[in-house]
Amino acid sequence: MAEVLSAPKGTYDILPEDQPLRRWVISRAEEVFQRYGYSRIDTPMFEETRLFSRGVGESTDIVRKEMYTFTDLGGRSMTLRPEGTAPVARAYVEHGMHTLPQPVKLYYHCAMFRYESPQSGRYRQHYQLGVEAFGSEAPEIDAEVIGVLAALYRELGLEGLELRLNSMGCRECRPAYGSALRGFLTEHAGDFCGECVERAHLNPLRTFDCKVPTCRAALEAAPRLTEHLCSACAAHHARVQECLAVQGISFGADHTLVRGMDYYTRTTFEFQSSLLGAQSGVGGGGRYDDLVEAIGGPPTPGVGFGTGIERILLALARSGVTSPTPRRPLVYLVALSAEARGEVFALAHDIRSQGVVADLDYMTRSVKGQMKQANRSGARYAFIVGEQELAEGTVTVRDLMSGEEKCLPKTEAVTVTITDPIDV
RNA sequence: GUGAACGUAGCUCAGGUGGUAGAGCACUGGGUUGUGGCCCCAGCGGUCGCGGGUUCAAGUCCCGUCGUUCACCCCA
C-alpha cells in the first residue's frame, strides 16, 4: 500500500456535508453585495510578485514573510494572492475602469494564500468575501462599505460583533504625526521593548500592535493620530461617523487600530467577535486613496473590506446557527431481482431526463439494503421493480413517509412525482 | 519563527504502575424465500502518525520527526 497523503498543512477539504452552510453564507453575501450595487469580479489566483510588494507594502508581514512566491518556467516571479484589494485595483487600472461612471463598485469571493502557522480560524489557504469601491472620496461611501458588511453580518445572524473605527490620516498629515510619534518613542525609549524601539524607526504606527503590557501602558500617553488629522481628514472622519449613525451602526473609536496593509489612508475599521478567541477579527478594511497610483494607475481613491469565511462559519457555529438541509433525491429506485436492475437503470435515466432527482444502487445490495439506502437518501418515493412489474410494464411507487404503495404504469409513475407538490 | 498539549479502526474515544489491541457510531449481510426507518445477531475494518532507543517484552518509558490543536506574532 502506498503512503496515505494528507492535505497540506494549513489547508482543508470542504466536504459535502460542509457545503450547504458555506454555500448559504456565500449566496447571502452575494445577494447583499448586489443589493448595494456591487458587481462580481474574479481575478487570477496568482499575480506578479511586484503587485503585492508595491501595493501591499514592503514593510508588511504579508510581503516580508507570508507569501507563496515561486518562479514560473519563464523566469517570472509569481505570488499566490495573499489578499484581494491589490489584484482588484490592478484589474481596475488594466481595464480602464476609471473611464466608467464612478464609483466602480466590485465584490469578490476567492481563496487567499498566506504562509502562516495555522490555528483556530487561521489557515494557509483561506477564503474571503470582499468589496472594493473605486473612484470616490466621499465619506458616505466609506460608511456604505461598512454598512454592507454590517448588513451581511446582521442577515447571517452573527452575534457578539463589535465595530472598531479609526482614521489613518493622509499623506498630508500622517508624516507629521509619524515624526511626532517617533519623537515620543525615542524620548521614552526606556519604557518600550526592543521590538518597539526598532518599530519606532521603520514604521512607528506599528508600535500600536505591540501586546507587551508595559508598552501598551506607555503608549497611553503617546500622541494620537485622530488628534493630529489635517482639517480635511478630520472632516472626513467626522462625516463617516455621522453616516454610520444614520445606518444605526454603533462603533468604538480605536486609535490603535492599524491594519496589516500599508495602503490604508483615512478610514480603517474592523469587526471583532467575542465568540472567536485569538483571531477575533471577522472582517475589516478601510480607505486606500494612494493604492491605485502606487501600482501605476491614475490617482484614484478607493475603499473596501475583506471578511473571512472560516471566521464567519466559526462565529456562526458558536452562535448556534445550523446548516440548511441539503437537497436530497426525490426518487430512489429499487430492483427486486437481477433482471430488474436493467429496467431500473433505464427508468432512472427517464426520470432524470424529466428533471426529477433520482438515484439508485450500484453496489448490488440486497433488497433490504436498497430500501435502507432509499430511506437514508431522504427520497420521498421508492420506485420498486420486480418480476411482476417487469412483466406488466409497471412500477410500484412507495411513499417512504406514509408507507403507502400503489402500482402504476411506468409513464404515470414519473408524473406523480412531478405533479405532487412536495417540499424536499 | 517561538511555546504548550495531543496523535489508537472512516468518526468519537477506552486501553492504572510496560507483556504483542477494545467499545459506540458508521459500513455490509442476516432475523423463514418481493420492501426501509426501531430492535437483535454476525461480519468487515488498526504494521496503535513515522523513525530510532531502553527492555526478555512498548500503544504504554526516552529521544527525534511529521501532523493537529491552542497561544505568541500577525491577520481573514
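Excluded from the calculations below are hydrogen atoms, water molecules and symmetry mates; all remaining heavy atoms, backbone and side chain alike, are included.
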Between [atom2] on [N] and [atom1] on [X], what's the gap in Å once rounded to a whole number?
{"X": "A:Met261", "N": "B:rC75", "atom1": "CE", "atom2": "C1'", "answer": "8 Å"}
{"X": "A:Met67", "N": "B:rC75", "atom1": "CE", "atom2": "C1'", "answer": "15 Å"}
{"X": "A:Tyr264", "N": "B:rA76", "atom1": "OH", "atom2": "C1'", "answer": "10 Å"}

Closest contact, heavy atoms only, A:Ile249 versus A:Leu163: CG2-CD2, 3.6 Å
Nearest heavy atoms of A:Ala91 and A:Met97, plus distance in Å: O-CE, 3.6 Å
A:Tyr107 and A:Tyr38: CA distance, side-chain angles, deciding distance, ring pair (Phe, Tyr, Trp, His ring centres under 6.0 Å) verdict: CA-CA 6 Å; A:Tyr107 76 86; A:Tyr38 291 75; 7.8 Å; no
Distance flag, aromatic centroids of A:Phe251 and A:Phe269, threshold under 6.0 Å: no
Output side-chain donor-acceptor pairs under 3.5 Å for residues 385-394 of chain A, partner residues at least two apart or in another chain, one line each.
unit_1   : atom_1 : unit_2   : atom_2 : d
A:Glu387 : OE2    : A:Ser337 : OG     : 2.8
A:Glu389 : OE1    : A:Gly386 : N      : 2.9
A:Glu389 : OE2    : A:Thr396 : OG1    : 2.5
A:Glu392 : OE1    : A:Thr394 : OG1    : 3.3

Which residue lies more 5' along RNA chain B, comparing A:Asn375 with A:Gly306 via nearest heavy atoms: A:Asn375
5′-ward residue of the pair A:Pro8/A:Gln388 relative to RNA chain B: A:Gln388
A:Tyr68 and A:Tyr115 aromatic ring geometry - parallel, tilted or perpendicular at 30°/60° bounds: perpendicular
Please measure how far the [atom1] atom in [N] lies from the corresponding atom in [M], and state the result in whole Å.
{"N": "B:rA14", "M": "B:rG30", "atom1": "P", "value": "35 Å"}
{"N": "B:rG43", "M": "B:rA26", "atom1": "C1'", "value": "14 Å"}
{"N": "B:rC38", "M": "B:rG34", "atom1": "P", "value": "22 Å"}
{"N": "B:rU65", "M": "B:rG29", "atom1": "C1'", "value": "43 Å"}
{"N": "B:rU2", "M": "B:rC74", "atom1": "C1'", "value": "14 Å"}
{"N": "B:rA9", "M": "B:rA21", "atom1": "C1'", "value": "10 Å"}
{"N": "B:rG22", "M": "B:rG59", "atom1": "P", "value": "14 Å"}
{"N": "B:rU35", "M": "B:rU68", "atom1": "C1'", "value": "45 Å"}

Indicate, yes or no, whether a donor-acceptor pair under 3.5 Å links the base of [N] to the side chain of [X].
{"X": "A:Arg122", "N": "B:rA76", "value": "no"}
{"X": "A:Glu66", "N": "B:rG1", "value": "no"}
{"X": "A:Glu270", "N": "B:rA76", "value": "no"}
{"X": "A:Lys368", "N": "B:rG31", "value": "yes"}
{"X": "A:Gln370", "N": "B:rU35", "value": "no"}
{"X": "A:Ser117", "N": "B:rG1", "value": "yes"}

Under 4.0 Å: is that the gap between some side-chain N or O of [X] and OP1 or OP2 of [N]?
{"X": "A:Ser120", "N": "B:rC70", "answer": "yes"}
{"X": "A:Arg376", "N": "B:rC27", "answer": "yes"}
{"X": "A:Gln373", "N": "B:rU28", "answer": "yes"}
{"X": "A:Ser366", "N": "B:rG29", "answer": "yes"}
{"X": "A:Gln119", "N": "B:rA71", "answer": "yes"}

So which nucleotide from [options] ends up closest to the side chain of [X]?
{"X": "A:Arg365", "options": "B:rC75, B:rC27, B:rC72", "value": "B:rC27"}
{"X": "A:Arg398", "options": "B:rG67, B:rC74, B:rG36", "value": "B:rG36"}
{"X": "A:Ser280", "options": "B:rC75, B:rA76, B:rG30", "value": "B:rC75"}
{"X": "A:Glu389", "options": "B:rG34, B:rA76, B:rG67", "value": "B:rG34"}
{"X": "A:Pro118", "options": "B:rC74, B:rU69, B:rG37", "value": "B:rU69"}
{"X": "A:Ile384", "options": "B:rA76, B:rU2, B:rG34", "value": "B:rG34"}

Ionic contact status for A:Arg90 with A:Glu48, cut-off 4.0 Å: no
Basic-acidic side-chain contact under 4.0 Å: A:Arg341, A:Asp361: yes
Touch class at under 4.0 angstrom, heavy-atom based, for A:Val334 against every strand present: nothing
Of all pairs that satisfy salt bridge (charged side-chain N to carboxylate O under 4.0 Å, His left out), the ones with a partner from residues 279-288 of chain A, not counting sequence neighbours: A:Asp142-A:Arg287, A:Arg287-A:Asp289
Watson-Crick or G-U stems of RNA chain B, 3 or more pairs, under 3.5 Å, by first number: B:1-7 with B:66-72, B:10-13 with B:22-25, B:27-31 with B:39-43, B:49-53 with B:61-65
Distance-only side-chain donor-acceptor flag, A:Thr43 / A:Arg81, under 3.5 Å: yes
